[in-house]
Amino acid sequence: QVQLVESGGGLVQAGGSLRLSCAASGRTLSSSVTGWFRRAPGQEREFVAYITWSAGSTAYADSVKGRFSLSRDNAKNTVYLQMNSLKPEDTAVYYCAAGVRTTIATRGYDYWGQGTQVTVSS
């Protein structure tokens, strides 16, 4: 089992920044990819970005490319999602997830955190 805990959400004005954290514990060696997803009210959960633990390879959704960036701290088993130039349409609950495949599909991830709310005011 892998346990994931997100933190760092909050309320920010448009154009502002937030940094989300995803701390992993448990059998972390069984999860070589950490993904971020988000769900806005009334919408499906959508892919935001992922990072691989070994090489640090990343991928981003077109909607966040150039504004969001991922990093990892292997010693802390923590992945960070830096979100800059935030827009009201970025408002959502953000979830991190752990899996073994580099995929943008939610079904490709085995473990999920509880989510953290990000609200961007205009």
Side-chain angles (χ1 to χ4, degrees):
Q1 289 286 335
V2 176
Q3 293 80 42
L4 302 171
V5 178
E6 303 99 332
S7 60
L11 173 64
V12 64
Q13 288 188 330
S17 299
L18 282 175
R19 189 179 78 159
L20 304 184
S21 300
C22 174
S25 61
R27 300 185 64 180
T28 56
L29 290 178
S30 64
S31 58
S32 55
V33 181
T34 298
W36 283 93
F37 293 78
R38 65 186 182 186
R39 175 180 283 165
Q43 297 188 20
E44 297 289 321
R45 192 172 299 193
E46 66 173 2
F47 168 76
V48 175
Y50 70 65
I51 185 168
T52 64
W53 280 98
S54 56
S57 302
T58 57
Y60 299 91
D62 288 343
S63 58
V64 307
K65 201 171 293 183
R67 300 188 298 122
F68 291 12
S69 63
L70 284 166
S71 61
R72 73 201 192 286
D73 184 330
N74 292 46
K76 295 182 179 180
N77 286 330
T78 300
V79 168
Y80 303 99
L81 179 66
Q82 179 67 43
M83 305 187 297
N84 299 327
S85 302
L86 283 162
K87 305 175 182 179
E89 50 264 44
D90 293 318
T91 294
V93 177
Y94 284 71
Y95 301 88
C96 69
V100 297
R101 292 181 291 169
T102 51
T103 176
I104 67 171
T106 57
R107 63 181 181 275
Y109 293 84
D110 303 307
Y111 304 99
W112 292 81
Q114 82 288 350
T116 185
Q117 176 71 46
V118 171
T119 303
V120 184
S121 63
S122 56

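Because the structure is a prediction, the values reported are computed rather than measured.
- Linking ILVMFWY side-chain heavy atoms closer than 4.5 Å, directly or via other members, places I104 and Y95 in a single hydrophobic cluster.
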message: Assess the residue pair Y111 and T34 against the criterion (side chain to side chain contact (heavy atoms under 4.5 Å, CB included)); give the C-alpha distance rounded to whole Å, side-chain angles, the decisive distance to 0.1 Å, and a yes or no.
response: CA-CA 10 Å; Y111 304 99; T34 298; over 6 Å; no
task: Any chance you could lay out the side chain to side chain contact (heavy atoms under 4.5 Å, CB included) test for T102 and T52, step after step, and finish with the verdict?
output: CA-CA 8 Å; T102 51; T52 64; 3.5 Å; yes
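- The hydrophobic clustering, which links ILVMFWY residues whose side-chain heavy atoms are closer than 4.5 Å, places V2 and Y80 apart.
- Taking the centre and axis of the six-membered ring of F37, the NZ or CZ atom of R45 falls outside the cone set by 45° and 6.0 Å.
- Side-chain contact between Y60 and L70 is present, with at least one heavy-atom pair separated by less than 4.5 Å.
- Between G9 and V118 the shortest heavy-atom distance is CA-CG2, 4.2 Å.
- In this structure, the side chains of L20 and E6 stay at 4.5 Å or more apart for every pair of heavy atoms.
- Distance CZ/R19 to CE/M83: 11.5 Å, rounded to 0.5 Å.
- Other residues, nucleotides and ligands contribute over 12 non-hydrogen atoms within 6.0 Å of the CD atom of Q114.
- Contact between T91 and A40 at its shortest, heavy atoms only, is O-CB, 3.6 Å.
- A 4.5 Å side-chain heavy-atom check between K76 and S21 finds every atom pair outside the cut-off.
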task: Determine, step by step, whether I51 and W36 satisfy the side chain to side chain contact (heavy atoms under 4.5 Å, CB included) criterion, reporting the C-alpha distance in whole Å, the side-chain angles of both residues, the deciding distance to 0.1 Å, and the verdict.
output: CA-CA 9 Å; I51 185 168; W36 283 93; over 6 Å; no
- request: Mind running side chain to side chain contact (heavy atoms under 4.5 Å, CB included) on V64 and R38 for me, showing each step along the way?
  value: CA-CA 12 Å; V64 307; R38 65 186 182 186; 4.0 Å; yes
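- Across every non-hydrogen atom of P88 and A14, the tightest pair is CD-CB, 4.1 Å.
- When every heavy atom of G108 is checked against every heavy atom of T103, the shortest pair comes out as CA-CG2, 3.7 Å.
- Here L18 contributes atom CG and Y94 contributes atom OH; the two are 9.0 Å apart, rounded to the nearest 0.5 Å.
- When all heavy atoms of Q117 and A92 are compared, the closest pair comes out as NE2-O, 3.4 Å.
- V33 and W53 get closest at one heavy-atom pair: N-CD1, 4.0 Å.
- Between D90 and K87 there is no salt bridge, since no side-chain N of the basic residue sits under 4.0 Å from a carboxylate O of the acidic one.
- Using the six-membered ring where Trp is involved, Y50 and F47 have ring planes that are tilted, between 30° and 60° apart.
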